[in-house]
Amino acid sequence: MTDPTRDAAFALLTAVLDRHRPLEESLDALPAMDARDRAAGHRLAASVLRRLGSLDAVLEPYLTKAPPPAVRNVLRIGAAGILFLATPAHAAVGTAVALAKARGLAPFSGLVNALLRRVAAAGPAALEGLDGPRLDTPPWLWAAWGADARAIAEAHQVEAPLDLSLMPGATAPDGGVRLPTGSWRYPAGTRVTELAGFAEGAFWVQDAAAALPAHLLGATPGMHVADLCAAPGGKTAQLAATGAVVTAVERDPSRLARLRENLSRLHLTPRLITADAATWRTEDVFEAVLLDAPCSATGTIRRHPDVPHLKRAADLRSLTAQQDALLDAACALLRPGGRLVYSVCSLQPEEGQDRVAAALQRLPLRVDPAAPGEVPGLGDAITPEGFVHTTPAMWAELGGLDGFFVARLARRA
Ligand code: SAM
């Protein structure tokens, strides 16, 4: 008998590493199971993905020849339990052996047993001698992050806390701390559905950095606002909660369904449109547009440790072309004097400042710089141009925040 946590972790790792599917999507594709087992399996797979380079470096000296990928994943699960999740050695070894047998890998069960016993004995010391941040970061990202690479990669080594945005007037659930920008933070591993007020729609999950773009847009009651690329709807919720008249545009029907579900829990009713925002045509003219563009998501690696294993430098080319097309469309929706906030959860300059620099050349836009008072505690994140650029290395003493690039622009008359 395997235990459901390891079973789920194995299915998730196979999906991400061998079939190149996103972790969240793979989680949705798991067979029906107890919610706690599913969460534990997710956490175990995420630990493996977060520290994959280090895990492989610990295992490598014990391998005389490369094992099949499935065996390697069983070994990684067992080693992650021992090295990162404080699983007692006998439990980590026993469950890994059972997993190998259940997955048709019985001929390798002796290897799994012997190797994980050695990891339990010598792995912690071996791990200490490794450069984890470097080993766990793909070289193209390390190079692209320049002088900030080590600090960013160090922040990726640990699981991120849970951040919430509150509905106006709602009370934060117990056990959290209020961050300087107004988000509420709870320890990593907190299960949001178990917090008081979840079912009633008192809050939604949103990293503190992800709350900045809608905040900088400055929507007010009655203002006509377009939210382009809207699902799963964290920023739509922020905008709608101000009393603005929000039109949310999302291309993917299944993601729009999730947005609808999220917003209905919060009792918010923006207008929802299924469309490609780059080609969507409307008679409406908006006072403000939020464009949270699709991107490489390298700013969210601490929450989505599958990203480094799925994204390649070459992906940036098609993403930047989409971002340009979306910026053109966003600008066309704005009335003169109207405000546009462009954001990406990316640490790559090609998707952030380079896109805005190019847009300023070809579109009737000017920069409307962010002021330090608008992002309390994050003055360091404001660039000389007045953009906001957070990295996971900021707020280290508070538990970090996602990497975001946010530019506020205004349409010239
Ligand atoms: N704004 C969202 C939030 O705060 O929850 C997150 C948006 S996520 C970064 C990007 C979203 O854009 C995805 O849901 C994706 O399906 C959608 N998308 C990508 N290209 C699009 C396009 N051309 N038109 C509309 N939606 C698009």
Side-chain angles (χ1 to χ4, degrees), residues 22-25 28 163-165 183 192 203-217 219 225-242 244 246-266 268 270-282 286 288-301 303-304 306-307 310-311 315-316 318-333 340-348 351-352 355 388 390 401-407:
L23 184 58
E24 294 284 340
E25 178 194 305
D28 290 343
D163 289 355
L164 302 181
S165 292
S183 296
V192 66
F203 51 78
W204 62 97
V205 174
Q206 187 174 42
D207 183 89
L212 300 176
H215 172 66
L216 286 169
L217 194 69
V225 178
D227 177 17
L228 307 183
C229 305
K235 298 176 190 72
T236 318
Q238 270 178 291
L239 297 171
T242 66
V246 179
T247 301
V249 182
E250 165 61 44
R251 183 171 64 180
D252 181 333
S254 63
R255 287 178 63 87
L256 191 86
R258 178 159 295 187
L259 181 151
R260 182 176 285 113
E261 198 180 304
N262 290 339
L263 277 275
S264 104
R265 181 179 62 81
L266 298 168
L268 295 170
R271 182 162 73 122
L272 304 183
I273 310 273
T274 312
D276 180 339
T279 53
W280 177 56
R281 294 285 170 265
T282 173
F286 294 90
V289 175
L290 176 60
L291 169 55
D292 188 34
C295 67
S296 61
T298 53
T300 68
I301 288 175
R303 297 193 184 282
H304 300 288
D306 51 332
V307 166
L310 298 175
K311 295 281 160 53
D315 297 337
L316 291 183
S318 94
L319 285 166
T320 56
Q322 290 177 59
Q323 290 152 1
D324 286 344
L326 286 162
L327 272 162
D328 290 350
C331 180
L333 292 174
L340 166 61
V341 165
Y342 170 76
S343 61
V344 279
C345 55
S346 167
L347 295 169
Q348 314 315 118
E351 300 182 277
R355 295 284 54 74
V388 176
T390 60
L401 77 171
D402 282 357
F404 256 82
F405 172 86
V406 191

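We count ligands from 1, going down the list as the structure has it; atoms in each ligand are counted the same way.
- In the model, Ser296 has a side-chain atom that pairs as donor or acceptor with a side-chain atom of Glu351 under 3.5 Å.
- The side chain to side chain donor-acceptor pair (under 3.5 Å) test applied to Asp306 returns no partner, not counting sequence neighbours.
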Gln206/Asp163 under side chain to side chain contact (heavy atoms under 4.5 Å, CB included): CA gap, chis, key distance, verdict: CA-CA 6 Å; Gln206 187 174 42; Asp163 289 355; 6.0 Å; no
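- By the side-chain contact (heavy atoms from CB on, under 4.5 Å) test, Asp292 is found to be paired with Lys235, Ser343, Phe404, residues two or more places apart in sequence or in another chain being considered.
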Present, as a list of atom pairs with distances to 0.1 Å, all nitrogen or oxygen contacts under 3.5 Å between ligand 1 and the protein.
residue  : atom   : partner : partner atom : Å
ligand 1 : 1 (N)  : Cys229  : O            : 3.0
ligand 1 : 1 (N)  : Asp292  : OD2          : 2.8
ligand 1 : 4 (O)  : Lys235  : N            : 3.2
ligand 1 : 4 (O)  : Lys235  : NZ           : 2.9
ligand 1 : 5 (O)  : Pro232  : N            : 3.4
ligand 1 : 5 (O)  : Gly233  : N            : 2.9
ligand 1 : 5 (O)  : Gly234  : N            : 3.0
ligand 1 : 14 (O) : Ala231  : O            : 3.2
ligand 1 : 14 (O) : Glu250  : OE1          : 2.8
ligand 1 : 14 (O) : Glu250  : OE2          : 3.3
ligand 1 : 14 (O) : Arg255  : NE           : 2.5
ligand 1 : 14 (O) : Arg255  : NH2          : 3.0
ligand 1 : 16 (O) : Glu250  : OE2          : 2.6
ligand 1 : 20 (N) : Arg251  : NH2          : 3.3
ligand 1 : 23 (N) : Asp276  : OD1          : 2.8
ligand 1 : 24 (N) : Ala277  : N            : 2.8
ligand 1 : 26 (N) : Arg251  : N            : 3.1

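- For Glu261, there are no side-chain contact (heavy atoms from CB on, under 4.5 Å) partners two or more places apart in sequence or in a different chain.
- Residues Gln323 and Leu326 form no side-chain contact, since every pair of their non-hydrogen atoms from C-beta on lies 4.5 Å or further apart.
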